[in-house]
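For the single chain, residues carry numbers from 1 onward in sequence order.
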Amino acid sequence: MIQKIIYTSIILLFIACNSKTSSKKMEHISTDFEFNKSITLTGIYVKSTISKREQGDHIGHYKIITDDLKEVILLPPYSKESVRPKEEVQSFEGKKVEVTGVIKENTSLSPPSLENQPISVNIPCFITIESIQLAK
């Protein structure tokens, strides 16, 4: 019961703090992401604590925060690839990066299935990552 209250609170907080954003390359304030197409975003590479597990130690998920303070999760938390490689984290954490990939409008916390809709939050999420590099 407490876990459901925490999830609901987190979801409401993220909904309140996030809105849609778009453009082929987002280095300035923008209003909409272009979903389901390969785009490049520029932002700061930081830890993400969004996951189905209880809050505690950071378990390896990351996101980028764009210049207009929008966040985009680097891969859905249920994906094993969402735990970013240590070498990548050492190279990029806290730095401005360019990430190229496909973005989905919401972040699913569990994989979709025929029986159940996944729990999701209203935060954009890369569903594929083609490249991550330091911003120029």
Side-chain angles (χ1 to χ4, degrees):
M1 181 65 171
I2 291 175
Q3 191 174 20
K4 286 184 180 180
I5 293 170
I6 291 171
Y7 287 141
T8 302
S9 299
I10 290 171
I11 290 169
L12 292 174
L13 175 66
F14 285 119
I15 290 170
C17 293
N18 291 283
S19 63
K20 298 178 184 175
T21 47
S22 141
S23 142
K24 207 52 174 149
K25 186 167 183 173
M26 304 173 84
E27 293 182 352
H28 304 290
I29 294 176
S30 57
T31 56
D32 290 306
F33 287 122
E34 190 169 340
F35 297 111
N36 301 315
K37 293 185 179 181
S38 182
I39 64 169
T40 299
L41 295 181
T42 300
I44 305 298
Y45 187 104
V46 297
K47 291 179 180 177
S48 174
T49 55
I50 185 171
S51 79
K52 283 184 64 174
R53 298 186 180 112
E54 293 183 29
Q55 297 297 324
D57 293 335
H58 181 255
I59 56 174
H61 298 117
Y62 283 81
K63 62 186 174 186
I64 62 167
I65 306 288
T66 64
D67 290 341
D68 58 350
L69 302 178
K70 304 284 188 254
E71 63 183 282
V72 181
I73 306 295
L74 299 179
L75 299 176
Y78 65 82
S79 166
K80 66 181 178 181
E81 291 84 18
S82 68
V83 176
R84 305 311 298 160
K86 289 180 183 178
E87 299 81 23
E88 179 184 293
V89 172
Q90 289 173 346
S91 297
F92 301 134
E93 188 170 16
K95 297 177 182 171
K96 195 169 197 172
V97 296
E98 290 181 346
V99 181
T100 301
V102 176
I103 297 177
K104 187 175 173 185
E105 191 168 1
N106 296 309
T107 298
S108 295
L109 301 179
S110 58
S113 71
L114 294 175
E115 298 84 35
N116 298 313
Q117 287 285 18
I119 297 171
S120 64
V121 293
N122 190 23
I123 302 172
C125 179
F126 280 97
I127 55 171
T128 65
I129 295 177
E130 297 166 24
S131 69
I132 300 177
Q133 61 187 11
L134 289 174
K136 297 174 184 163

Reported [atom1]-to-[atom2] distance for the pair [X] and [Y], which is rounded to 0.5 angstrom:
X     : Y      : atom1 : atom2 : value
Lys70 : Ile65  : NZ    : CD1   : 10.5 Å
Ile39 : Glu130 : CD1   : CD    : 10.5 Å
Leu41 : Glu34  : CG    : CD    : 10.5 Å
Phe92 : Glu98  : CZ    : CD    : 10.5 Å
Leu74 : Thr107 : CG    : OG1   : 10.0 Å
Ile44 : Thr66  : CD1   : OG1   : 10.0 Å

Can you name the nearest heavy-atom pair linking [X] to [Y], along with the distance?
X      : Y      : value
Ile119 : Ser110 : N-OG, 3.4 Å
Cys125 : Pro76  : SG-N, 3.4 Å
Lys47  : Glu93  : CE-OE2, 3.2 Å

Query raised in the report: Are Val83 and Val89 linked, directly or through other ILVMFWY residues, by side chains that come within less than 4.5 angstrom of each other?
Result: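 No, no single cluster joins them.
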
Query raised in the report: Going hydrophobic residue to hydrophobic residue with side-chain gaps under 4.5 angstrom, can you get from Tyr78 over to Leu75?
Result: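 No; Leu75 is not reachable from Tyr78 via cluster members.
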
Minimum side-chain heavy-atom gap [X]-[Y] below 4.5 Å:
X     : Y      : result
Phe35 : Pro124 : yes
Lys96 : Asp67  : yes
Val99 : Val72  : no

**Report entry** Residues that Glu88 engages under salt bridge (charged side-chain N to carboxylate O under 4.0 Å, His left out), provided they are two or more places apart
**Finding:**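 Partners of Glu88 by the salt bridge (charged side-chain N to carboxylate O under 4.0 Å, His left out) criterion, ordered by chain and then number, come out as Arg84.
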
Query raised in the report: Taking His61 as the fixed residue, which of Ser82, Ser79, Ser48 is the one that meets the side chain to side chain donor-acceptor pair (under 3.5 Å) rule?
Result: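 For His61, the side chain to side chain donor-acceptor pair (under 3.5 Å) test succeeds with only one of Ser82, Ser79, Ser48, which is Ser82.
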
Query raised in the report: Under the 4.5 Å side-chain heavy-atom rule for ILVMFWY, direct or indirect, which residues accompany Val102?
Result: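 Ile127, all in the cluster of Val102.
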
Query raised in the report: Given the rule in the side chain to side chain contact (heavy atoms under 4.5 Å, CB included) test, do Ile64 and Phe126 qualify, once you have shown the distances and angles that lead to the verdict?
Result: CA-CA 10 Å; Ile64 62 167; Phe126 280 97; 4.3 Å; yes

